[in-house]
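FYI, the numbering just counts along the sequence from 1.
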Amino acid sequence: MTYQPKSDFLAVMLERGFVADCTDYAGLDDALTKGVVPGYIGFDATAKSLHVGSLIQIMMLRWLQKTGHKPLTLMGGGTTKVGDPSFRADERPLLTPDQIDANIAGIKQVFAKYLSYGDSDTDALMLNNAEWLDDLNYLEFLRDIGRHFSVNRMLSFESVKSRLDREQSLSFLEFNYMILQAYDFLELNRRYGCLVQFGGSDQWGNIVNGIDLTRRTDDTRIFGLTSPLLTTSDGKKMGKSADGAVWLNADMRAPYEFWQFWRNTTDADVGRFLKLYTELPVDECDRLGQLAGSEINTAKVILANEVTTLCHGANAAAAAETTAREVFEKGGVGDDLPTLTLTAADLPASIVQLIVKSGLANSGKEAKRLIAENGARINDAPLTDAGLMIDAPALSAPIKLSAGKKRHALVQLTT
């Protein structure tokens, strides 16, 4: 991108690699230089936490606030009842209102770490689209909003087209999702003066729909800015690890495991991830990303510490680094490892059960395969017997279980 921005926010976005596309660079840049610009991202409440795959959007909102503008975090209390079909092979499972409310409560904990909420011009607002979607009159909505949408055009969007091309069912419920998201943008502009929607590049069609709807109904000019859909250099989807999603809430992914995920970044991704997920100066990110050999490990520790500090606090980052040094450099146990605590009533227990319960494998079959392939260790010694039983005397001191070289957990008996 050769556009030279005037605004601090757009300069940061372009320099650090956040931008996939923008509906109007010059128009958005001009608005950003004239006053406080409210911008939003919507998050459907499909789980009790967001994961690392959403972190690029959260960082966009954080930079928006740091450069003097107003983030709007929109919870999809209404749209979660429908489900976004974008690039999915099947329909999302429908959640009850109570499940949606519980998920929203969990997600709010994430945003409180990254954004400042309050009443000033640049303080973030936490909103819920159920406020305007739940009480819509269907016939009035079709007449006032639905008439602005062309089914022909909606069918041409890649998120819909790819589903139909694969001859996979797309329900009428899901087909309505893009209209509801467009209506969100219109409502946010009317209620809060929102001028820009952010999202992953898979949301481009939905964002453009909202811009077109607002222009047609209110003759108002608004903008869209998308980020790239990130994969790691080895082709894996960002936010996933060997043992599942990397959640941002500590009760769903321990801070040590979160730290370890970033410490295990592949060499080729370090510089890029430092720019996207930390606030270190770009020059320093480039310098660290260009380190080679064993020196790149220093950069990975810095990446892990910076990202973990933003998400879980400096104390959690320091504890994770200390534990990692104990485990990897000194052959110790480490105080901050994920810990499975058992009672005497839980024993005896098979080693396969303990590997699964400690989160080192997703199933007994996977745990047995780990042992058979010499990938499991107990107290740093090879674990070869899948039939091993652990009784209370064996847990007179905590035992350390390992899966490969980088994933560890403690098993202890409650006192």
Do [X] side-chain atoms and [Y] backbone N/O form a donor-acceptor pair below 3.5 Å?
X	Y	result
N129	G78	yes
S7	L32	no
D218	T214	no
N137	E140	yes
T309	A317	no
Q65	S116	yes
R407	L360	yes
D346	T343	yes
R16	T278	yes
K113	L248	yes

Establish, from distance only, whether the side-chain atoms of [X] and [Y] form a donor-acceptor pair under 3.5 Å.
X	Y	value
D286	Q290	no
D184	W132	yes
D269	T266	yes
E131	N128	no
Q203	Q181	yes

Note, [X] side chain near [Y] side chain (heavy atom, < 4.5 Å):
X	Y	result
I355	I371	yes
I390	V411	no
Y256	T308	no
T73	Y117	yes
F149	D212	no
D24	I211	no
R272	L230	yes
L74	E187	no

Nearest heavy-atom neighbours spanning [X] and [Y]:
X	Y	value
A361	E366	CA-OE2, 3.6 Å
D30	K6	OD1-NZ, 3.9 Å
L72	P38	CD1-CB, 4.2 Å
I145	L213	CG2-CD2, 3.9 Å
V12	F18	O-CD1, 4.4 Å
L195	A31	CD1-CB, 4.2 Å

- Within a reach of under 6.0 Å around CG of D219, are more than 12 heavy atoms found that belong to other residues, nucleotides or ligands? no
- Might you confirm whether atom NZ of K365 has over 12 heavy atoms from other residues, nucleotides or ligands at distances under 6.0 Å? no
Can you tell me how far the [atom1] atom of [X] sits from the [atom2] atom of [Y], to the nearest 0.5 Å?
X	Y	atom1	atom2	result
L127	C194	CG	SG	9.5 Å
W259	N264	CH2	CG	8.5 Å
L342	L340	CG	CG	4.5 Å
M252	H51	CE	NE2	10.0 Å

- Query: Picking from V307, L274, L303, what satisfies side chain to side chain contact (heavy atoms under 4.5 Å, CB included) with T265?
  - Reply: L303
- Pick from N305, D267, L291: which one makes a side chain to side chain contact (heavy atoms under 4.5 Å, CB included) with K300? D267
- Message: Is there a side-chain contact (heavy atoms from CB on, under 4.5 Å) between I207 and F223? Walk through the geometry before answering.
- Response: CA-CA 8 Å; I207 292 172; F223 310 95; over 6 Å; no
- Could you note down all residue pairs passing salt bridge (charged side-chain N to carboxylate O under 4.0 Å, His left out) where residues 54-76 supplies at least one of them, sequence neighbours left out? R62-E279, K66-E279
- Ring centres under 6.0 angstrom apart (F111, F43): yes
- Aromatic centroids of F9 and F198 separated by under 6.0 Å: yes
- Stepwise, does the side-chain contact (heavy atoms from CB on, under 4.5 Å) test hold for L276 with M59? CA-CA 7 Å; L276 291 172; M59 290 300 293; over 6 Å; no
- Message: Does R190 form a side-chain contact (heavy atoms from CB on, under 4.5 Å) with T217? I'd like the steps, not just the answer.
- Response: CA-CA 11 Å; R190 287 174 172 175; T217 58; 4.0 Å; yes
- Message: Classify the ring geometry of F273 against Y277: parallel below 30°, tilted from 30° to 60°, perpendicular beyond 60°.
- Response: perpendicular
